[in-house]
Amino acid sequence: MKTNKPCRLFAFFYFCVIFITVNIFLTYWSLLLAIIPIVYLILTKPKRWYLIIACGLLGVGAVLVIYHFVGTYGVFSHLSTWIEKLIHVNLRQTIVNYVNNGYDIRTASFINMILFNVKTTVIYPVYNHMIDLSVVYLIVVSGFHIAILKKLINWIFYKHRKIANIINLVVIIFYSYLLNFATSILRVLLMHIVTLFSYKRKVSNIDRVCIPGIFTILVCPSCCLSYGFCMSYFCTIVIIYLVSLNIVNKLIMQILINSCCVLITLPYVILMNGKISIFAVINGFVFSYLFAVIFVWCLLTFWIIWIAPLQAAIVWLVIQIVNGFFLFNTTVIINNFNGWKIICYQIICSLLIYNLKWL
């Protein structure tokens, strides 16, 4: 889809905001977020650079002002507290306590991790195994999980698209609240809102990612230090680009998506764990389907306490599968992979993914 000029301005604006947050936090690897938008701008051959630069300078000033008043705290982190005071109950904690009281400690910990990003000492071994398998992004609620929910809702209301959009918006807002408006889920909420308002306009899918990115970083500059935020954005942009290639074979498409997402998020896995699984692509392919099913199952059935034995059996099976893959897993330790090494890797990786269109 051909993009209009304002969306190009937004893309460059996004780049400028990232650049200034790098200066604020003095972390070079945050520049990674700026690579894809700026490459995208160059490829779209924008005109009127003076408007783009003016928009970028406006973004720089806005970030500095917001950072001065807000600091490292996110504006939306206070929204959950305000809602709780308004309704006089902490729904997130109430649901977590309900799960803890209804299931055994292992099953409850697994469900709370999958649905609410709550990790306890009981479930940390499984979480660490997922890190070693290089697929930890699959158990952190983000755009991957919300996309599954949206597909399910769209499938149920496939004849009523407007109703589906409204339900999707309500579900995402409520889920965002349950996750304390974490940046990984806030991005998805903003993307959905942008999509609704730009449905009849010529706004590309990549711009629909960049615009929420601008807003998120403006209201919460410190989010660019979040590995989850960076991984989520890179994976989303890569998936959008690969889908735009219109590859007919769905199996090849799925393999490419998993392979490219593993490659593009490799720096963050190394920064978190200091090593990478040599079976990362295979692990990503297998566990993306497994955890998609488990996420939907847990979301739809966690409140049905009388099936606790079945839930416990399913959780036990999933944990055994993770442990089995971990048993045969082989990792490569990578030291001193930071700074400009990461930036160079990300540039090369982005160019390789872009050139897949010539295959």
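Just so it is clear, the model here is predicted, and its values are computed rather than measured.
Of the inter-residue distances, the one linking I240 atom CD1 with I257 atom CD1 reads 11.0 Å to the nearest 0.5 angstrom. Note that CG of L179 and CD1 of I146 are 7.5 Å apart. Values are rounded to the nearest 0.5 Å. A distance of 5.0 Å separates CD1 of I95 from CG of L178, quoted to the nearest 0.5 Å. Rounding to the nearest 0.5 Å places OG of S134 at 8.5 Å from CD1 of I270. With rounding to the nearest 0.5 angstrom, the OG atom of S259 is 12.5 Å from the CD1 atom of I264. Going from atom CD1 of I167 over to atom CG of L152 covers 10.5 Å, rounded to the nearest 0.5 Å.
Smallest separation of non-hydrogen atoms from L133 and V322: CD1-O, 4.0 Å. What you find for K150 and I172 is that their closest heavy atoms are CD-CD1, 4.1 Å. For N258 against V281, the heavy-atom pair with the smallest separation is CB-O, 4.5 Å. Contact record, R106 with V315: O-CG1, 4.4 Å, taken as the closest heavy-atom pair. Summarising the geometry of I321 relative to F287, their closest heavy-atom pair is CG2-CE2, 4.2 Å, with the distance given to 0.1 Å. What you find for V135 and A280 is that their closest heavy atoms are CG1-O, 4.4 Å.
Within the structure, salt bridge (charged side-chain N to carboxylate O under 4.0 Å, His left out) pairs that include any residue of residues 286-305 do not occur (at least two apart or interchain). Counting only residues at least two apart or in different chains, ring pair (Phe, Tyr, Trp, His ring centres under 6.0 Å) contacts with residues 109-132 comprise Y124-Y127, H129-F326. For residues 235-259, no pair satisfies salt bridge (charged side-chain N to carboxylate O under 4.0 Å, His left out), with sequence neighbours left out. Within the structure, the ring pair (Phe, Tyr, Trp, His ring centres under 6.0 Å) test picks out no pair touching residues 155-176 (sequence neighbours left out). For residues 237-247, no residue pair satisfies the side chain to side chain donor-acceptor pair (under 3.5 Å) rule, not counting sequence neighbours. The salt bridge (charged side-chain N to carboxylate O under 4.0 Å, His left out) analysis of residues 121-144, with sequence neighbours excluded, yields the pairs D132-K275.
Side-chain N or O atoms of H145 include none that pairs as donor or acceptor with a backbone N or O of L115 at under 3.5 Å.
Annotation: side chain of I247 is not in contact with side chain of L242 (no heavy-atom distance under 4.5 Å). Looking at heavy atoms from C-beta onward, L189 lies in side-chain contact with L169 at the 4.5 angstrom threshold. Here the side chains of M113 and V118 are not in contact, with every heavy-atom distance at 4.5 Å or above.
No chain of hydrophobic side-chain contacts below 4.5 Å, direct or via other Ile, Leu, Val, Met, Phe, Trp or Tyr residues, connects I153 to I166. Under a hydrophobic-cluster definition in which Ile, Leu, Val, Met, Phe, Trp and Tyr are linked whenever side-chain heavy atoms come within less than 4.5 Å, directly or via other members, I314 and L317 are assigned to the same cluster. Under the 4.5 Å side-chain contact rule for hydrophobic residues, V170 and V188 do not share a cluster.
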Hey, mind stepping through Y177 and E84 against side chain to side chain contact (heavy atoms under 4.5 Å, CB included) and telling me if it holds? CA-CA 10 Å; Y177 159 71; E84 290 161 10; 3.4 Å; yes

Working note: N323 + Q320, criterion side chain to side chain contact (heavy atoms under 4.5 Å, CB included); need CA distance, chi angles, decisive distance, verdict. CA-CA 5 Å; N323 291 338; Q320 295 309 309; 4.2 Å; yes

Under the side chain to side chain contact (heavy atoms under 4.5 Å, CB included) rule, what do V126 and I123 come out as? Steps first, then yes or no, please. CA-CA 6 Å; V126 177; I123 209 64; 4.1 Å; yes

Are L352 and C260 close enough, and set up right, to give a side chain to side chain contact (heavy atoms under 4.5 Å, CB included), and what steps lead you there? CA-CA 9 Å; L352 288 175; C260 292; over 6 Å; no

Show the atom names and distances, to 0.1 Å, of all donor-acceptor pairs under 3.5 Å that link a side chain in residues 290-313 to residues at least two apart or in another chain.
| from | atom 1 | to | atom 2 | distance (Å) |
| --- | --- | --- | --- | --- |
| W297 | NE1 | Q311 | OE1 | 2.8 |
| T301 | OG1 | W297 | O | 2.6 |
| T301 | OG1 | Q311 | NE2 | 2.8 |
| W303 | NE1 | L300 | O | 2.8 |
| Q311 | NE2 | T301 | O | 3.4 |

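The side-chain contact (heavy atoms from CB on, under 4.5 Å) check on L327 picks up nothing, with sequence neighbours excluded. By the side-chain contact (heavy atoms from CB on, under 4.5 Å) test, N100 pairs with V96, N97, A108, N112, sequence neighbours left out. By the side-chain contact (heavy atoms from CB on, under 4.5 Å) test, V332 pairs with I276, I278, I334, sequence neighbours left out.
In this structure, a donor-acceptor pair under 3.5 Å is absent between the side chains of T331 and S277. Residues N154 and N168 have side chains that bring a donor and an acceptor to within less than 3.5 angstrom of each other.
Counting Ile, Leu, Val, Met, Phe, Trp and Tyr side chains that sit under 4.5 Å apart, directly or through other members, F285 shares a hydrophobic cluster with L251, I255, Y289. Residue V122 is found in a hydrophobic cluster whose other members, listed by chain and number, are I105; membership requires side-chain heavy atoms under 4.5 Å apart, directly or through intermediates.
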